[in-house]
Structure formats: C-alpha cells, structure tokens
Amino acid sequence: MRMFSLGWRAFRDHVCRSVPADRRRRATRIGALVAALALAALVIVGSVAPWLDLGEPLTWVGIVLLAIAVGLVGVAAVPLRPRSADGSRVDWSGGLLPAPDDTERYFRTRSAPTIPERDRDQVLRHAEAARVAIVPELWRSLVLIAASLVAFGAVVMLDLPGRVVLWVAVSSAAWSIAGARRLGRVERAGRLAESLPSPEVEPQPHRRDGSLRSPTPRGTKLGLPED
C-alpha cells in the first residue's frame, strides 16, 4: 500500500511533464472528433435500425454517453511521445517491463534497497527512464477507466450487453494498480540513489599561471649523441 501511495504521488508530480500539454490538447481534439463521428454514426444507425428508438429521451442520453465513451477511447489511443527531464525523447517504453538486470534488482525489492555509491548514476538514469515510460501509460489507463464508466451508463440506458465494457474496466483498473506500485518502487529507488553523495571528480593539478599541468610523469630527458 505504501508503494501504491508513493506511486500516485509521483504520478501527480510528473504527469504534467511526462504527458506534455501539447500532446494532451492534440489527444483531446482527436477524441472530440472521434466522439462526433461516433454520434453521427449512432444517429444514422438509429434512424434505420429498430433497436434504437430515437423518440425516447433516454435513448438520446445513451447515444451521447456512448459517443463520449468512444471519444475517450480515441483520446487514450493517441501516442503521447514522452520526454525526459532534459527534453529528449524516451524510446524505451518500459512500463511494467524490467529495467536492465543491474538496476532492476533495486526496483523489484519489497523493502528499501541498499544502493552502493558506484550504482548511483545508473539507478537515477534508469529510474528517470522508467518514470517517463510509466506515467503516460498510467494516464492512459485512467482515461480508459473514465471511458468504461461512461460506457457503462450508456449500456444501462440502451440496454446493451456490457461484457466488453466490464473487461476494459477491469483490465484498466488492474494495470493502474500495478503501474502505481511499480512507479512507487522506482521512485523509492530513485530517491535513495539521489540521497547518496555524487562521485567526486579528482581535481587536475594546475601550474602557477593557472593552466593545467601536463599529466606526463616527471623526469629528466637525457640528451643522446645523435640528438
């Protein structure tokens, strides 16, 4: 439960960066277009098919809800193209997939791992990659859960079978729980690694004039007869 709570806090802290605003706006526009097309298609079907009585107000409510649900599925289907903290594209769609073995051991443990200082940088790097990969997928699963709830209302209004809606809702909820727990463990390992002292770089010796001293070993060059 602690990892679940930590994962949700990490999701709230990073969702605005991992799911860029321009991608959210694009997804919303596409979802609205999909919903409008779905509504038009349902109205056309209702005008020619006997199972949709367009004369009933509840039928119109159900049609609108179903169109909105289809539009939300369209929102979830838009690629989000997550980016890391420095703005670079992240191609590793880690999600719930394991990180490299030398780092995954710190993400998998139930208790707080002990991270040696030599692994600090790689844990931070892989934690950032995993976070940027998980947060958009978690956002997508929440959109699908919202679509399932709206579709459930449409199913009740239109008296339609709801097996598909139930399957989408259960699978999205299960992924959300697993993704939040995974994100919590990644966040815990990242914070532990961040608390470690960074490796110190040994300073280079300088001459009196401030220039770097040559790293060549000291010694006296002997003059040879042929020089």
Side-chain angles (χ1 to χ4, degrees), residues 1 4-5 7-83 90 93-97 131-184:
M1 189 55 126
F4 180 82
S5 300
W8 276 115
R9 287 199 299 269
F11 172 78
R12 292 194 301 267
D13 292 340
H14 297 282
V15 64
C16 292
R17 177 169 57 82
S18 297
V19 185
D22 58 333
R23 305 304 300 180
R24 293 198 302 270
R25 288 193 296 268
R26 183 171 182 268
T28 302
R29 290 194 297 268
I30 292 177
L33 177 60
V34 171
L37 293 176
L39 180 60
L42 289 171
V43 171
I44 293 174
V45 171
S47 62
V48 298
W51 62 277
L52 284 178
D53 186 5
L54 297 182
E56 293 290 334
L58 288 181
T59 301
W60 281 101
V61 174
I63 288 176
V64 172
L65 290 177
L66 188 57
I68 293 175
V70 174
L72 288 173
V73 173
V75 170
V78 176
L80 296 175
R81 299 179 184 176
R83 296 182 180 273
V90 175
S93 57
L96 298 183
L97 298 178
R131 184 188 302 118
V132 174
I134 295 172
V135 170
E137 295 302 321
L138 193 53
W139 182 85
R140 196 190 310 274
S141 68
L142 294 178
V143 175
L144 288 176
I145 292 175
S148 301
L149 295 176
V150 176
F152 180 78
V155 165
V156 173
M157 294 290 181
L158 299 176
D159 194 19
L160 298 175
R163 293 182 180 179
V164 175
V165 175
L166 180 62
W167 180 83
V168 173
V170 171
S171 60
S172 299
W175 202 103
S176 298
I177 295 172
R181 287 175 59 85
R182 168 73 173 178
L183 183 59

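Here the structure is a predicted model, which is why all the values come from computation and not from measurement.
Contact annotation: the side chain of Trp60 approaches that of Val43 to within less than 4.5 Å [non-hydrogen atoms, C-beta and beyond]. Looking at heavy atoms from C-beta onward, His14 lies out of side-chain contact with Leu183 at the 4.5 angstrom threshold.
Residues passing the side-chain contact (heavy atoms from CB on, under 4.5 Å) test with Val150 are Leu65, Ile68, Ala69, Leu72, sequence neighbours excluded. Considering only residues two or more places apart in sequence or on other chains, Trp139 meets the side-chain contact (heavy atoms from CB on, under 4.5 Å) condition with Phe11, Val15, Val19, Arg24, Val75, Leu80, Val143.
Within the structure, the salt bridge (Lys or Arg N to Asp or Glu O under 4.0 Å) test picks out no pair touching residues 54-66 (sequence neighbours left out).
Residues Gly74 and Val78 share a closest heavy-atom pair of O-CG2, 3.3 Å. Minimum heavy-atom separation, Ser18 to Pro136: O-CG, 3.6 Å. What you find for Met157 and Val61 is that their closest heavy atoms are CE-CG1, 4.2 Å. Nearest heavy-atom pair, Thr59 versus Leu158, reported as atom, atom and distance to 0.1 Å: O-CD2, 3.7 Å. Closest approach of Ser176 and Leu142 over heavy atoms only: OG-CD2, 4.2 Å. When every heavy atom of Leu144 is checked against every heavy atom of Val168, the shortest pair comes out as O-CG1, 4.3 Å.
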- [ ] Check the pair Asp22 / Arg25 against side chain to side chain contact (heavy atoms under 4.5 Å, CB included), numbers first and verdict last.
- [x] CA-CA 5 Å; Asp22 58 333; Arg25 288 193 296 268; 3.8 Å; yes

Open item on the list: Does Leu138 form a side chain to side chain contact (heavy atoms under 4.5 Å, CB included) with Trp8? I'd like the steps, not just the answer.
Closed with: CA-CA 10 Å; Leu138 193 53; Trp8 276 115; 4.3 Å; yes

TODO: Check the pair Arg131 / Val135 against side chain to side chain contact (heavy atoms under 4.5 Å, CB included), numbers first and verdict last.
DONE: CA-CA 6 Å; Arg131 184 188 302 118; Val135 170; 4.2 Å; yes

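For the pair Arg181 (side chain) and Phe4 (backbone), a donor-acceptor distance under 3.5 Å is absent. Ser172 places no side-chain N or O within donor-acceptor distance of the main-chain N or O of Ala169, the cut-off being under 3.5 Å.
One finds the CZ atom of Phe152 at 14.0 Å from the CG atom of Leu66 (value rounded to the nearest 0.5 Å).
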